[in-house]
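Below is one structure, written out as structure tokens; comments come after it.
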Amino acid sequence: MTDPTRPDAPTETPSPEEEGPNFVADLVAADVAAGKHGGKVVTRFPPEPNGYLHIGHAKAIVLDFEIAKRFGGRCNLRFDDTNPEAESVEFVEAIRRDVRWLGYDWGEHEYFASDYFERLYEWAKVLIRKGLAYVDSQTPEQIRLNRGDYHRPGTNSPFRDRSVEENLALFEKMRAGEMAEGEAVLRAKIDMAHPNVVMRDPLMYRIRHVPHHRTGNRWCIYPMYDWAHGQSDAIEGVTHSLCTLEFEDHRPLYDWFLEALEIDPRPRQIEFARLNLTYTVLSKRRLLQLVQGGHVDGWDDPRMPTLSGMRRRGFPPEAIRRFCRRIGVSKREGVVDVTLLEHMVRDHLEHTAPRAMAVLDPLKVVIDNYPEDAEESFEAPNHPTDPSFGTRTLPFCRELWIDRKDFMLDPPRKYHRLAPGREVRLRYACLVTCTDVECDADGRPTVVHCTFDPASRGGTAPDGRKVRGTIHWVSARHAVRGECRLYDRLFDVENPQGEDDFLAHLNPASRVVVENAMLEPSLAGLEPGTRRQFERTGYFVVDPDSTPERPVWNRTIALKDTWAKMVARGATG
RNA sequence: UGGGGCGUCGGCAAGUGGUUAAGCCAUCGGUUUUUGGUACCGACAUUCGUAGGUUCGAAUCCUACCGCCCCAGCCA
């Protein structure tokens with residue numbers, strides 16, 4: 001018997017036709033052609049370590065890393081850790097793990113915005129000296145009020161014209177911890193009447209007397225996103241800073257800081273639309289709600305759209321990467337049909353997952369003309385079309401398990417599975433004909449009696465007669481009992497994000513646990529993460545909860561089921 | 001009502017003045033099949049948010065209008 005375990009293929013080089021449309025790549029290509037940055041391309045993936053990465057981040061990761069790769073450049077992993085109140089090392093570690101799992105390597109280029117705090121502080125003083133930044137002592141409330149709104153210009157702060165010396169002294173006091181939270185902020189002096197509210201003297205620093213997960217108590221002033229991001233990009237030599245659409249309004253400020261500091265060459269910010277997926281939610285807030293509300297078992301619940309959840313669910317990283325390439329990159333905000341992702345998952349698994357047989361809803365079959373204590377075995381291929389997967393041995397005896405769905409007392413015309421008087425093929429074993437059925441008081445079948453054709457060894461009829469149905473089975477004497485967790489979409493509406501109460505639309509059948517599935521022997525004792533196709537049922541993966549005594553398999557995704565569709569449509573004849 | 005974006009098939013998304021308006025997913029037919037899986041074949045926008053205009057010719061240029069998204073955190 002050949003070991004059917006196959007590792008996932010190594011990171012593929014995307015073929016040109018696989019790379020989806022991508023206007024960002026076109027812009028970068030134009031910059032390279034124009035000789036900007038000496039033709040170099042450096043990007044960065046800049047997560048804030050305050051949560052888990054999800055499929056939406058995967059889109060950004062694939063874009064950031066593959067744009068860099070395409071132009072012979074590199075992509076940095078930079079933690080945007082400027083807000084100590086929400087961030088932690090736990091998230092830093094989870095993010096590293098997920099990016100690696102997705103298949104990307106940032107090499108030595110791991111950075112933290114917090115590494116630049118000193119540099120940023122010095123730069124802030126440069127702006128103060130140029131008269132381009134000032135310490136504002138207004139209360140948060142006053143600042144908000146004086147910012148104006150979409151219809152009214154803002155009002156200058158009474159502290160806007162402090163002298164350079166006073167600003168410097170005050171700013172140093174801020175850093176020295178001599179001021180309370182909210183007592184003062186450092187602001188860029190731009191234009192309180194600017195039509196873009198982002199430009200109305202944006203805050204650069206706020207005071208927070210809280211420890212930071214990396215800098216400890218060294219700082220009590222922390223830079224704001226706008227002040228930290230572009231400068232961090234510049235420090236790292238980033239040439240193209242890719243981000244989502246909501247930062248489009250911030251681009252003028254991104255450029256303003258760079259220009260004020262006379263940084264050259266300057267990184268270029270390019271915005272693209274974030275990913276939305278049907279039948280799930282992707283906002284950090286809602287994901288957090290699912291976890292904290294106990295609606296799922298945690299960030300890595302297999303129903304979560306997080307990378308850790310998808311990993312546990314059994315989604316191959318290759319499939320996620322291909323999905324991200326296929327959806328393309330544009331500025332249109334849309335909702336991608338989750339069937340595209342599911343297609344990529346099935347497509348990858350079709351070629352990489354060894355086959356096996358498992359019965360999820362067992363119904364006993366007795367082969368009446370098979371000797372009580374005899375047993376034999378059949379050799380079955382681990383893949384129907386790829387011989388390199390090898391074969392395995394399937395034990396067989398008089399009593400077997402088949403799936404309840406594969407037997408009907410009174411079948412419709414187009415049903416071609418087992419029924420009284422009908423003959424079917426037991427996959428890779430033999431042909432059997434149903435001769436009798438035992439039922440319980442409710443008329444529910446309990447035992448199906450069959451006779452087998454001794455000449456049909458392997459499943460081929462010696463006389464060449466046609467047998468339409470082929471069903472899977474497991475030898476009762478040799479079956480291994482295991483748990484199967486059948487996962488499905490988390491929500492039962494296409495766009496839960498758009499619902500008033502998205503939690504009201506959780507799919508009650510998103511997880512169905514089968515306590516006693518009957519597994520063929522080869523399905524026991526496998527490592528978590530091992531994938532298999534349970535023939536005619538779906539793709540499964542071994543869950544970390546699995547033990548040698550009790551295998552636990554998660555359904556990654558069901559096989560397409562044309563018959564079920566026909567049944568639903570009433571087109572079964 | 002200010003600023004910034006976006007509108008091409010059910011969903012993504014090409015197309016940048018002359019193409020029969022790509023491709024993929026979904027859907028619907030059919031062939032093959034020891035998985036009602038896979039594979040393969042076929043169907044699927046006379047039309048590009050709307051209305052005008054420019055042009056021999058427009059999804060592509062101009063004008064107006066309509067619709068949707070984002071922005072008033074000392075979050076990112």
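Keep in mind that the numbers below use all heavy atoms, side chains included, and drop hydrogens, waters and symmetry copies. First the proteins, then the strands, lettered A, B, ... as listed; each starts at 1.
At a threshold of 4.0 angstrom between heavy atoms, the contacts of A:Ile143 include nucleobase atoms, whether or not backbone atoms are also involved. Within 4.0 Å of A:His229, counting heavy atoms only, lies no atom of the nucleic acid at all. Contacts of A:Glu350 with the nucleic acid, taken as non-hydrogen atoms under 4.0 Å apart, include base atoms. Within 4.0 Å of A:His416, counting heavy atoms only, lies at least one base atom of the nucleic acid. A:Gln138 comes within 4.0 angstrom of a nucleotide base, judged by non-hydrogen atoms across all strands. At the heavy-atom level, A:Tyr415 lies under 4.0 Å from base atoms of the strands shown. Here A:Val467 lies out of heavy-atom contact (under 4.0 Å) with every strand. Across all strands shown, A:Asn83 has heavy atoms under 4.0 Å from sugar-phosphate atoms exclusively, and none from any base. Residue contacts for A:Val185: at a heavy-atom cut-off of 4.0 Å it reaches a base atom on one of the strands shown. Residue-level contact check: A:Asp80 touches the backbone only, with heavy atoms under 4.0 Å from sugar-phosphate atoms and none from bases. A:Thr460 comes within 4.0 angstrom of a base, heavy atoms only. Within the 4.0 angstrom heavy-atom criterion, base atoms lie near A:Thr139.
The separation of B:rU38 from B:rC70, taken at their C1' atoms, amounts to 44 Å, rounded to a whole angstrom. Across B:rG52 and B:rA13, the matching C1' atoms stand 29 Å from one another, rounded to whole Å. Rounded to a whole angstrom, the distance from the P atom of B:rG5 to that of B:rG17 is 22 Å. As rounded to the nearest Å, B:rC28 and B:rU33 have P atoms that lie 23 Å from one another. Here, B:rC24 and B:rU8 have their C1' atoms 16 Å apart, quoted to the whole Å. Comparing B:rC40 with B:rC25, their P atoms sit 10 Å apart, to the nearest whole Å. Atom name P, nucleotides B:rC12 and B:rU19: the rounded distance is 27 Å, in whole Å. Distance noted for atom C1' between B:rU63 and B:rA22: 31 Å (whole Å).
The separation between A:Phe247 atom CZ and B:rG5 atom P is 16 Å, rounded to whole Å. Note: CG (A:Leu27) to P (B:rU16) measures 16 Å, nearest angstrom. The nearest whole Å value for the distance from the CZ atom in A:Arg274 to the C1' atom in B:rA76 is 10 Å. Rounded to whole Å, the distance from CG on A:Asp136 to P on B:rG73 is 15 Å. Taking atom CZ on A:Phe323 and atom P on B:rG11, their separation rounds to 16 Å, with Å as the unit. Residue A:Trp256 contributes atom CH2, which lies 19 Å from atom C1' of B:rG3 at whole-angstrom precision. The CG atom of A:Asp347 sits 15 Å away from the P atom of B:rG37 (whole-angstrom rounding). Per the geometry, OH belonging to A:Tyr52 stands 21 Å off P belonging to B:rA76, to the nearest Å.
Between A:Arg147 and B:rC74 there is a side-chain N or O to OP1 or OP2 distance below 4.0 Å. Look at A:Ser330 and you won't find any side-chain N or O under 4.0 angstrom from OP1 or OP2 of B:rC12. Between A:Arg208 and B:rC75 there is a side-chain N or O to OP1 or OP2 distance below 4.0 Å.
Between A:Phe452 and A:Phe396, the ring-plane angle classifies as tilted under the 30° and 60° cut-offs. Under the 30°/60° scheme for interplanar angles, the aromatic rings of A:His416 and A:Trp563 are found to be tilted. Classified by interplanar angle (parallel below 30°, tilted 30° to 60°, perpendicular above 60°), the ring pair A:His212/A:Phe117 is perpendicular.
Base pairing analysis places B:rC56 opposite B:rG18; the two distances defining the Watson-Crick or G-U wobble pair are each below 3.5 Å. Pairing partner, B:rG23: B:rC12, with both Watson-Crick or wobble hydrogen-bond distances short of 3.5 Å. Applying the Watson-Crick and G-U wobble criteria (two distances, each under 3.5 Å), B:rU50 pairs with B:rA64.
With sequence neighbours excluded, the residues that form a salt bridge (Lys or Arg N to Asp or Glu O under 4.0 Å) with A:Asp115 are A:Arg214. Looking at residues two or more places apart in sequence or on another chain, you find no ring-ring contact (aromatic ring centres under 6.0 Å, His included) involving A:His194. Every side-chain contact (heavy atoms from CB on, under 4.5 Å) that A:Val198 has, sequence neighbours left out, goes to A:Asn196, A:Asp249, A:His250, A:Leu253.
In textbook terms, a nucleotide whose glycosidic angle is within 90° of 0 is syn, and B:rG73 is one such case.
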N/O contacts under 3.5 Å, protein versus nucleotides 6-9 of chain B?
unit_1 : atom_1 : unit_2   : atom_2 : d
B:rG7  : OP1    : A:Arg332 : NE     : 3.3
B:rU8  : OP2    : A:Arg332 : NH1    : 3.0
B:rU8  : O4     : A:Arg332 : NH2    : 2.9

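When side chains are defined from C-beta on, A:Met204 does not count as touching A:Met224, because their heavy atoms never get closer than 4.5 Å. Residues A:Gln142 and A:Arg144 have side chains not in contact (no heavy-atom distance under 4.5 Å, counting atoms from C-beta outward).
In summary, the side chains of A:Asn495 and A:Gln497 do not present any donor paired with an acceptor at a separation below 3.5 Å, with no hydrogens or angles considered. A donor and an acceptor atom, one from each side chain of A:Tyr539 and A:Gln533, are located under 3.5 Å apart.
Pairs passing the salt bridge (Lys or Arg N to Asp or Glu O under 4.0 Å) check and including a residue from residues 559-568 of chain A, sequence neighbours excluded, do not occur.
Ion pair A:Arg274/A:Glu333 not flagged as a salt bridge, since none of the NZ, NE, NH1 or NH2 atoms sits closer than 4.0 Å to an Asp/Glu carboxylate oxygen.
Ring-to-base geometry does not place A:Tyr225 in a stacked arrangement with B:rA76 (centre distance under 5.5 Å, plane angle under 30° required).
When the nearest nucleotides of RNA chain B are assigned to A:Glu183 and A:Asp26 by heavy-atom distance, the more 5′-ward of the two goes with A:Asp26. Taking for each of A:Arg251 and A:Gly459 the nucleotide of RNA chain B with the nearest heavy atom, the 5'-most of the two is the partner of A:Arg251.
Aromatic ring centres of A:Phe378 and A:Tyr428: separated by at least 6.0 Å.
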### Message
Treating primed atoms plus P, OP1 and OP2 as sugar-phosphate and everything else as base, which nucleotides of nucleotides 24-33 of chain B get B, S or - for protein heavy atoms under 4.0 Å?
### Response
SSSSSS----
